[in-house]
Amino acid sequence: MADAPVVRPTPISGFPEWLPDVRMVELRWLDTIRATFERYGFCSVETPSVEALDALMAKGETSQEVYTLRRLQAEDDGDSSRLGLHFDLTVPFARYVAAHFNDLVFPFKRYQIQRVWRGERPQEGRFREFTQCDIDVINVDQVPLHFDAELPRIVHEVLTTLGVPAWTLNINNRKVLQGFYEGLGIGDPLAVIRAADKIDKIGSAGVEALLTGPVGLTADQARACLDLAHVRGSDSGVVEAVGRLGVKSDLLTEGLDELARVLDDLADLPSGSVVADLSIARGLDYYTGTVYEAKFVDAPGYGSICSGGRYDDLAGTFIRRHLPGVGISIGLTRIFAKLVADGLVGGGPASPAQVLVVIPSDERRADALATARQLRARGLNVETYHQADKLAKQIRYASRKGIGHVWFPPFGDDRPHEVKNMATGEQSSADPAVWSPAPETGPAAAS
């Protein structure tokens, strides 16, 4: 064993892993997200980590990011499985709906919380493996517009409950963009949408250069497109702002009406949390109506922390039924990693145990184990120390793991049970049949 080569335990870039105290916070976040989704009637589904490559690459734009699945000892003549790790949860969801179409109740409201994989260069806020939390509503033929407002309301509730630092959820409508561009006489609106989607990365001047260069717009058309992208507002007044630009089309009117209705439905939310931002394009071609993109207020260059939109028929690849939907995804790992890096997560307990039961001696081990079982039967999280060490060492172990209480079983036949509150230092007699820890208070309880 001593002669065996040592493999350096270097973390793999783009694959985050957390210490126990941070992971405990992440688990509480996941519990909060699940509970919120379920309060709105969304049901959980889970799909395999792999999908057929043909299905994964149907979206084209992300085909270079797909990790393919191949056995190390596979034959050289090719891998017949043709499988890849899913890079988002949208394609698996579309395939799932098509496969189980006859067994689902529509409108089908699902949430899906799983890891996904993307073969891109790791950098701040971008990972090769990360957790997404998706909610979608999909229906046969038509999805009522009120769902376009329900999804950002759910996101607002989730992020507010988790205490995520200041953020804004920006909303637009692809019909507004496409209708406006058609009203300008532009023959390929989707090319303009893809260029406009880069405004956060390359700025207005960069987008204008794309529009008048590769896209082929006139200078006046490009300026009008940028004027539209600069329209922002928190209420239906954005309709008037677009109207002042003097461009008209039926599709533009339809998109503005839908956008105004969604904003009106969300008018009760705190000011600034939901904003109509007509620069939001979401470059994927399958979006057909409302689109969403949320960012941190104080770190706008960090990348989207939530995104999504309305799509016309993603499941059409798998089934000959018209199945439109609307969905939004919370980028859990991207949000969580930012808070960890900023020192806003962590520093709490490294154990879920509420109580550590000490081992008084080898002879009293059975009594300690019986006490732990009694406390667990009452619903408490209880760890038993692993050996009969000095009490100071056992108490130090509880302190290092952030365990709130240390339980001392009777050290003699006539001695009582005692419990020590590690926060206050108080130690008193206690009955394992009725004792309960005091409710947690302060920042640790809310993290």
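- We find that R34 and D31 are joined by a salt bridge, their nearest charged nitrogen and carboxylate oxygen being less than 4.0 Å apart.
- Put simply, the side chain of S351 gets close to the backbone of A353: a donor and an acceptor are under 3.5 Å apart.
- Between T131 and Q114, the side chains place no donor N or O within less than 3.5 Å of an acceptor N or O (distance only, hydrogens not considered).
- Among all heavy-atom pairs drawn from Y385 and Q387, the shortest one is CD2-O, 2.9 Å.
- Considering CG of L83 and OG of S49, their distance stands at 11.5 Å, rounded to 0.5 Å.
- Ion pair E65/R128 not flagged as a salt bridge, since none of the NZ, NE, NH1 or NH2 atoms sits closer than 4.0 Å to an Asp/Glu carboxylate oxygen.
- S304 contributes atom OG, which lies 7.5 Å from atom CG of D200 (distance to the nearest 0.5 angstrom).
- Taking 4.0 Å as the cut-off between side-chain N and carboxylate O, K175 and E258 count as a salt-bridged pair.
- In summary, D148 and R310 engage in a salt bridge, as defined by a charged side-chain N under 4.0 Å from a carboxylate O.
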Practice item. Could you walk me through whether K401 and D21 pass salt bridge (charged side-chain N to carboxylate O under 4.0 Å, His left out), step by step? Key: CA-CA 9 Å; K401 295 188 72 173; D21 61 321; over 6 Å; no
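- Formation of a donor-acceptor pair under 3.5 Å by the T160 side chain with backbone atoms of E157 is not found in this model.
- Of the inter-residue distances, the one linking Q112 atom CD with D88 atom CG reads 9.5 Å to the nearest 0.5 angstrom.
- Between R364 and D413, at least one side-chain nitrogen of the basic residue sits less than 4.0 Å from a carboxylate oxygen of the acidic one, meeting the salt-bridge criterion.
- Between F106 and F101, the gap from one ring centroid to the other is short of 6.0 Å.
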Check your understanding: Should L259 and L278 be marked as a side-chain contact (heavy atoms from CB on, under 4.5 Å) after you check the CA-CA gap, both sets of side-chain angles, and the distance that decides it?
Key -> CA-CA 10 Å; L259 180 60; L278 273 61; 4.1 Å; yes
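- Counting non-hydrogen atoms of other residues, nucleotides and ligands closer than 6.0 Å to CZ of R378 gives a total above 12.
- Among F93, W117, Y96, the one residue that satisfies the ring pair (Phe, Tyr, Trp, His ring centres under 6.0 Å) test with H86 is W117.
- Taking CG of D134 as the reference point, atom CD1 of I330 lies at 9.0 Å (rounded to 0.5 Å).
- Taken to the nearest 0.5 Å, the CZ atom of R126 stands 10.5 Å off from the OH atom of Y302.
- Note: T290 OG1 to N173 CG = 4.5 Å, rounded to the nearest 0.5 Å.
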Practice item. Applying salt bridge (charged side-chain N to carboxylate O under 4.0 Å, His left out), run through R365 and D362 and close with a yes or a no. Key: CA-CA 5 Å; R365 177 184 298 275; D362 288 332; 3.6 Å; yes
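- You'll find the ring centres of Y111 and F42 outside the 6.0 Å limit.
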Review point. After noting the C-alpha distance and the side-chain angles of K109 and E150, does the key distance pass the salt bridge (charged side-chain N to carboxylate O under 4.0 Å, His left out) rule?
Key: CA-CA 12 Å; K109 300 174 65 174; E150 182 173 272; 3.3 Å; yes
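- In this structure, the side chain of N381 does not engage the main chain of Q354 through any donor-acceptor pair within 3.5 Å.
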Exercise for review: Verify side-chain contact (heavy atoms from CB on, under 4.5 Å) between F336 and V22, making sure each step is shown before the conclusion.
Suggested key: CA-CA 10 Å; F336 195 75; V22 176; 3.4 Å; yes
Exercise for review: Starting from the C-alpha separation in whole Å, work towards a yes-or-no answer on salt bridge (charged side-chain N to carboxylate O under 4.0 Å, His left out) for D342 and K338.
Suggested key: CA-CA 6 Å; D342 291 349; K338 180 75 166 67; 2.6 Å; yes
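- One finds no salt bridge joining E426 and K420 here, because no Lys/Arg side-chain nitrogen approaches an Asp/Glu carboxylate oxygen to under 4.0 Å.
- Contact check on D389 versus R396 returns no salt bridge, with no Lys/Arg side-chain nitrogen under 4.0 Å from an Asp/Glu carboxylate oxygen.
- For the residue pair R39 and T36, a side-chain donor N or O sits within less than 3.5 Å of a side-chain acceptor on the partner.
- Using a 3.5 Å distance cut-off with no hydrogens or angles, the side chains of E383 and Y397 do pair a donor with an acceptor.
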Practice item. Evaluate the ring-ring contact (aromatic ring centres under 6.0 Å, His included) criterion for residues F127 and F15: first the C-alpha distance (whole Å), next the side-chain angles of each, then the deciding distance (0.1 Å), finally the verdict. Key: CA-CA 6 Å; F127 305 94; F15 292 79; 9.6 Å; no
